[in-house]
K.L.:
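One structure, as structure tokens, below. Some questions next.
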Amino acid sequence: MDTVDVKPIIVDGLPFDPLRQYQCKVCSAHATGFHFDAQSCSACAAFFRRTVALGKVFRCQNGDNKCEIVYTERNLCRKCRFDKCLLIGMKKESVRPKKTVNAVRAYCTTSGLKRNKRFATVSVINMAPSIKSPLSAPSSQSTSEPVSESEECQSVQPIVAPSSSTSPTRSVVEYAPMSHAFYRPAPSTLKLLIEEEMRISERRRILFCERPVGSLLGASNSCPFMQADIKPLCFRSFRKSIRTHILLIYEWLRAWPEYSMLGNNDQIALLRKCVLYHTVLDPCFITMQLGDMSKFVMPNGGYVSTREDCDDGWQDEKEISRESKKMIYWPLLDGLMSTIVQPMIDMAITFEEFVALKALVSFQGTMCDISDDGRPIMKHTLDAICRSLHEIVPDGDKKAMRFGNIVLLLSPVFDTALNFVESHHKVHFFDLWHLDSLLLQFLKNKV
DNA sequence: CCTCAAGGTCAAT
DNA sequence: ATTGACCTTGAGG
């Protein structure tokens with residue numbers, strides 16, 4: 001990581017200013033290369049890696065998210081340093097999931113084996129060219145070179161290779177490539193969830209941000225908004241955007257292969273509950289990601305102030321008065337902040353944990369509305385989600401507690417959703433303001 | 001062989 | 001608890 005060997009760039013026949021050329025784009029210290037897709041020093045790279053891996057959320061020391069990040073003062077504001085990392089193009093996805101605590105290096109890839117023969121627990125054999133870096137399992141039948149018995153090493157879990165790819169005379173077990181065998185396996189459920197959530201963020205950016213197109217495209221950031229994107233909520237425009245949110249939720253559901261296997265009524269039940277639960281959960285996580293607890297940020301980038309002394313987002317509108325807004329939504333907001341947002345911050349819930357929680361809430365909360373035919377499908381999905389969540393919670397003494405704390409968030413989400421429905425029944429009954437008709441249909445049904 | 005860019009470790013803070 | 005120098009590793013040339 002610290003080796004410096006950057007080929008000089010010739011600009012117009014002259015070497016580019018070398019001092020500036022090798023600067024870290026975050027703090028202007030000496031860059032050690034490209035880290036997570038951006039030119040930076042090793043310190044900023046390590047900082048970025050830790051921040052992403054641990055799912056940290058920071059607050060700006062000055063409160064304005066405008067701190068200058070320079071070499072001598074780069075540790076003064078972690079929020080602005082991290083924002084700068086993202087700004088210069090560091091990619092969160094390039095940070096790989098944290099390894100399990102008990103995992104021991106397996107030295108099981110081709111180059112690892114070549115360089116570390118004495119630690120090798122498996123050996124290289126020739127496989128069909130279609131399989132990259134294939135490795136054989138240590139086996140009594142194996143004719144390959146002997147392997148070390150070092151106690152430091154644990155063999156990796158084998159996966160059965162397609163028999164057609166190997167000699168028919170030898171039963172061969174293929175070891176998954178390093179990224180799967182050694183790093184925590186990324187279950188397809190979790191992968192799907194993360195990809196889908198990133199897509200939702202990208203769609204929200206495109207729909208609701210006023211930015212140059214270049215920074216809208218590319219699902220590289222799990223948070224749809226930056227501080228500069230958000231503005232005080234206008235209830236009227238939020239109401240106009242409700243169908244867009246419902247559409248995004250519908251797309252999220254359709255990404256599940258299991259969704260198409262459900263009957264029509266079950267599909268509608270699931271969509272109805274997802275509209276409700278996502279409406280509760282999504283703004284909580286966006287709020288946490290933006291890190292300013294005085295602003296509760298909705299999925300269209302509008303925010304309401306959570307401080308009694310600030311009226312942002314609460315002002316009178318033609319269609320709904322300040323008084324009505326406060327009466328209906330302040331208690332809901334208060335509940336959300338204390339029972340969902342604050343616990344999320346306290347445990348520093350990661351993006352991966354959040355997407356698993358959201359799926360858990362969606363499927364668990366709908367179970368009671370699903371037909372007998374649909375139940376096994378739902379149960380199967382729920383099991384997969386639980387496994388994924390359990391996988392991504394970091395190993396250690398507190399794994400069980402952390403897993404438990406995440407699951408405990410289900411209850412306040414269900415509670416708030418129930419309050420949300422009750423409040424909107426009142427809104428509708430007393431004609432306090434006109435809700436979107438599609439949303440009303442979802443809310444009218446029993447919850 | 002080499003380089004690059006990941007992750008891990010641990011003394012210093 | 002966080003930082004950052006230093007280390008090892010895997011992939012690819």
Side-chain angles (χ1 to χ4, degrees), chain A residues 1-9 21-59 61 67 69-82 84-85 88-124 127 129 131-135 148 150 152-154 156 175-186 345-348 350 352 392 394-398:
Chain A
M1 174 137 62
D2 291 349
T3 50
V4 182
D5 185 15
V6 187
K7 291 189 178 72
I9 299 169
Q21 184 194 334
Y22 302 139
Q23 274 179 351
C24 168
K25 304 268 189 193
V26 180
C27 69
S28 305
H30 187 75
T32 56
F34 279 77
H35 304 282
F36 310 102
D37 259 15
Q39 182 175 306
S40 74
C41 64
S42 55
C44 288
F47 167 78
F48 183 79
R49 169 158 37 94
R50 275 193 300 267
T51 305
V52 175
L54 299 174
K56 300 257 181 200
V57 177
F58 305 124
R59 274 180 93 156
Q61 295 302 301
C67 305
I69 305 300
V70 288
Y71 174 67
T72 47
E73 294 171 347
R74 65 187 170 199
N75 290 326
L76 290 182
C77 179
R78 296 195 283 164
K79 161 84 173 142
C80 292
R81 189 183 188 187
F82 186 65
K84 183 93 178 273
C85 289
I88 61 131
M90 285 193 181
K91 302 274 193 298
K92 284 183 178 177
E93 315 86 88
S94 301
V95 178
R96 300 206 280 257
K98 202 168 158 51
K99 295 172 184 177
T100 59
V101 165
N102 297 327
V104 175
R105 295 200 182 216
Y107 303 106
C108 67
T109 60
T110 14
S111 57
L113 278 167
K114 275 193 274 181
R115 217 170 6 198
N116 297 287
K117 275 186 181 157
R118 95 192 158 85
F119 295 122
T121 56
V122 289
S123 56
V124 183
M127 300 279 277
I131 296 180
K132 204 178 170 190
S133 302
L135 301 160
S148 159
S150 165
E152 293 172 72
C153 301
Q154 295 172 348
V156 289
Y175 278 69
M178 195 63 165
S179 55
H180 297 296
F182 181 47
Y183 291 112
R184 193 186 295 276
I345 293 169
D346 291 343
M347 77 166 79
T350 64
E352 290 79 6
I392 48 171
D395 283 330
D397 309 344
K398 293 181 178 165

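By convention in this document, chain letters (A, B, ...) are assigned in the order of the sequence lines, proteins followed by strands, and residues within each chain are numbered from 1. FYI, side chains are in, hydrogens and waters are out, and symmetry mates aren't considered; it's all heavy atoms of this structure.
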K.L.:
To the closest 0.5 Å, what do you measure between CZ (A:Arg78) and NZ (A:Lys56)?
P.N.:
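Spacing of CZ (A:Arg78) from NZ (A:Lys56) equals 6.0 Å.
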K.L.:
Starting at atom OH of A:Tyr71, determine the distance to atom C1' of C:dT3, rounded to an integer number of angstrom.
P.N.:
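Result: 12 Å.
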K.L.:
I want to check one thing: is the phosphate of C:dT2, taken as OP1 and OP2, less than 4.0 Å away from some side-chain N or O of A:Lys56?
P.N.:
yes
K.L.:
Does a side-chain N or O from A:Ser42 land closer than 4.0 Å to OP1 or OP2 of C:dA5, or not?
P.N.:
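For C:dA5, OP1 or OP2 has a side-chain N or O of A:Ser42 closer than 4.0 Å.
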K.L.:
How long is the line joining CZ of A:Arg50 and P of B:dC10, in whole Å?
P.N.:
15 Å
K.L.:
Can you check the A:Phe36 CZ to B:dC4 C1' distance for me, whole Å?
P.N.:
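Taking CZ of A:Phe36 and C1' of B:dC4, I get 13 Å after rounding.
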K.L.:
Whole angstrom is fine here: how far is it from CG in A:Leu54 over to P in B:dG7?
P.N.:
12 Å
K.L.:
Between the base of C:dG4 and the side chain of A:Arg49, is there any donor-acceptor pair under 3.5 Å?
P.N.:
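Check fails, no donor-acceptor contact within cut-off.
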K.L.:
At under 4.0 Å between heavy atoms, what does A:Arg78 touch on the DNA or RNA strands: base, sugar-phosphate, or nothing?
P.N.:
sugar-phosphate
K.L.:
Return the minimal non-hydrogen interatomic distance between A:Cys85 and A:Cys44, and the atom names on each side.
P.N.:
SG-O, 4.4 Å
K.L.:
If the plane angle is over 60° it's perpendicular, under 30° parallel, otherwise tilted; pick one for A:Phe47 and A:Phe82.
P.N.:
perpendicular
K.L.:
Between B:dC4 atom C1' and A:Phe34 atom CZ, what is the distance in whole Å?
P.N.:
11 Å
K.L.:
Check the phosphate of C:dG4 against A:Asn75, side-chain N and O only, distance under 4.0 Å to OP1 or OP2. Yes or no?
P.N.:
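Checking A:Asn75 against C:dG4: at least one side-chain N or O falls below 4.0 Å of OP1 or OP2.
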K.L.:
In whole Å, what is the span from the NZ atom of A:Lys92 to the P atom of B:dA6?
P.N.:
16 Å
